[in-house]
Structure formats: C-alpha cells, structure tokens
Amino acid sequence: MIESDSKQKTDRGMDRATEAILRHLGQDGRMTNADLAQRVGLSPSACLRRVRQLERAGVIRGYRAIIDERGREGTTIVIVRITLDRQTEECLRRFEARVRTCPDVRQCYLMTGDADYLLHVAVRDAADYERIHNEELSRLPGVAQIQSNFAIRPVVWR
C-alpha cells in the first residue's frame, strides 16, 4: 500500500514516519512540506513522496477547514441517535443517500450498538432543531426511533 523505507511498523502497519506525517497533517493540514519534513525527520523530497503516496492510496482523502461551531454565533450542536426499522442493505443505502442531502447534518456515522446511526447536527436553538426534526430527520427513509441530546460544550476538539 504505502512505500516504506523503515522496517519498524506501528500497530496499523505503517512505519513511524508515516504515522507522524498523518498525525501532524491531521493537526495542521496547511503545514508546509518543509515544516512537516523537519517534524517527522525526513528530507523534504522523501516527505513529499510519502504524502503523495498517502493521497494516491486514499489514506489522505483531502484537505479542508474544520469549522468550530462555537465560533458561529448562536450555534448549538445536537447529537442524534437514529434507529432504523430494518437494517437491510437497501434500507441502509436509502437512508445514507437521503441523509447526505440534509444541510444541517454535519456528520453521520454508521454505528454498532443500540442505534444504527449517530448524527452531529448544528442548530440555532431548540425551535430550529424542532424544525429540522420535523422536516428532515423524521422524514428520512426507514427511521423507527430518534433520540436527541443537546451538547453543552466540547471537551476534546481536534
């Protein structure tokens, strides 16, 4: 998958320099290649070669700004657990296709455990969430149960 000059592998099968590249880019995707190379102990050309390999392999899928919702005035995060009435491949596919079109859903995860999906929804206030619940979430295909929790504040934000 990823070319490696080092024989020492981590638990995920990558060498330490590659793991360090991923860690540093995950913290600051705008870091220059020269800074990244210095931090991980590689030459700039070797570092750039590894980054390009990680991109081609799909390990690095892209670069984007991570918006702290606290910076948006009046934004509250609601964590929503959704249980479907059936877990067939077709039901999951239909739900996932539709939830991708919901503009207020910031993240959606397929889960193990009690709920089938965990959603991260950004709202202005309780009335805004009620609108989203009624007009979007409850109309998603196959929804049997919706459980919502309003976040008080983030504890870890990466």
*Determine, stepwise, if the pair E55 / R52 fulfils salt bridge (Lys or Arg N to Asp or Glu O under 4.0 Å).*
CA-CA 5 Å; E55 290 169 346; R52 296 293 184 244; 3.2 Å; yes
*Do you know which two heavy atoms are closest between G58 and R61, and how far apart they sit?*
O-CG, 3.3 Å
*Test side chain to side chain contact (heavy atoms under 4.5 Å, CB included) applied to L118 and I79, step by step*: CA-CA 7 Å; L118 183 74; I79 306 301; 3.4 Å; yes
*Between E96 and R93, does at least one N-O distance fall below 4.0 Å, as a salt bridge requires?*
no
*Where do T83 and A115 come nearest, in terms of heavy atoms and distance?*
OG1-CA, 3.7 Å
*Determine whether more than 12 heavy atoms belonging to other residues, nucleotides or ligands lie under 6.0 Å from atom CD of Q38.*
no
*side-chain hydrogen bond (donor to acceptor under 3.5 Å, both in side chains): pairs with one or both residues in residues 107-116, sequence neighbours excluded*: Q87-D116, Q107-Y109
*For the residue pair C91 and L84, what are the closest heavy atoms and their distance?*
O-CD1, 4.3 Å
*CG/D35 to CG/D28 distance, rounded to the nearest 0.5 angstrom?*
8.5 Å
*If you draw a 6.0 Å radius around CD in E90, do more than 12 non-hydrogen atoms from other residues or ligands fall strictly inside?*
yes
*Treating Ile, Leu, Val, Met, Phe, Trp and Tyr as nodes and any side-chain heavy-atom pair under 4.5 angstrom as an edge, say whether L36 and L48 lie in one connected cluster.*
no
*Shortest non-hydrogen contact from G29 to Y63?*
O-CD2, 3.8 Å
_Side chains of I21 and L42, heavy atoms from C-beta outward: is any pair under 4.5 Å?_
yes
*With a 4.5 Å limit on heavy-atom distance, are the side chains of R16 and E19 in contact?*
no
_Between R50 and D15 (salt bridge meaning N to carboxylate O under 4.0 Å), is one present in this structure?_
yes
Side-chain polar contacts of residues 126-133 - donor-acceptor pairs under 3.5 angstrom, sequence neighbours left out - could you list them?
{"unit_1": "D128", "atom_1": "OD1", "unit_2": "R124", "atom_2": "NH2", "d": "3.3"}
{"unit_1": "D128", "atom_1": "OD1", "unit_2": "R131", "atom_2": "NE", "d": "3.2"}
{"unit_1": "D128", "atom_1": "OD1", "unit_2": "R131", "atom_2": "NH2", "d": "2.9"}
{"unit_1": "D128", "atom_1": "OD2", "unit_2": "R124", "atom_2": "N", "d": "3.0"}
{"unit_1": "Y129", "atom_1": "OH", "unit_2": "S148", "atom_2": "OG", "d": "2.3"}

*Would you confirm whether N33, through its side chain, and P44, through its main-chain N or O, come within 3.5 Å as a donor-acceptor pair?*
yes
*Calculate, to the nearest 0.5 Å, the distance between atoms CG and OH belonging to L92 and Y117 respectively.*
4.0 Å
_Within this structure, what is the CG-CZ distance for the pair L119 and R106, rounded to the nearest 0.5 Å?_
12.0 Å
_Pairs touching residues 134-144 that satisfy side-chain hydrogen bond (donor to acceptor under 3.5 Å, both in side chains), sequence neighbours left out_ = none
*NE2 of H120 to CD1 of I77: how many Å apart, nearest 0.5 Å?*
3.5 Å
*With rounding to the nearest 0.5 Å, note down the distance linking CE in M31 to CZ in R39.*
4.0 Å
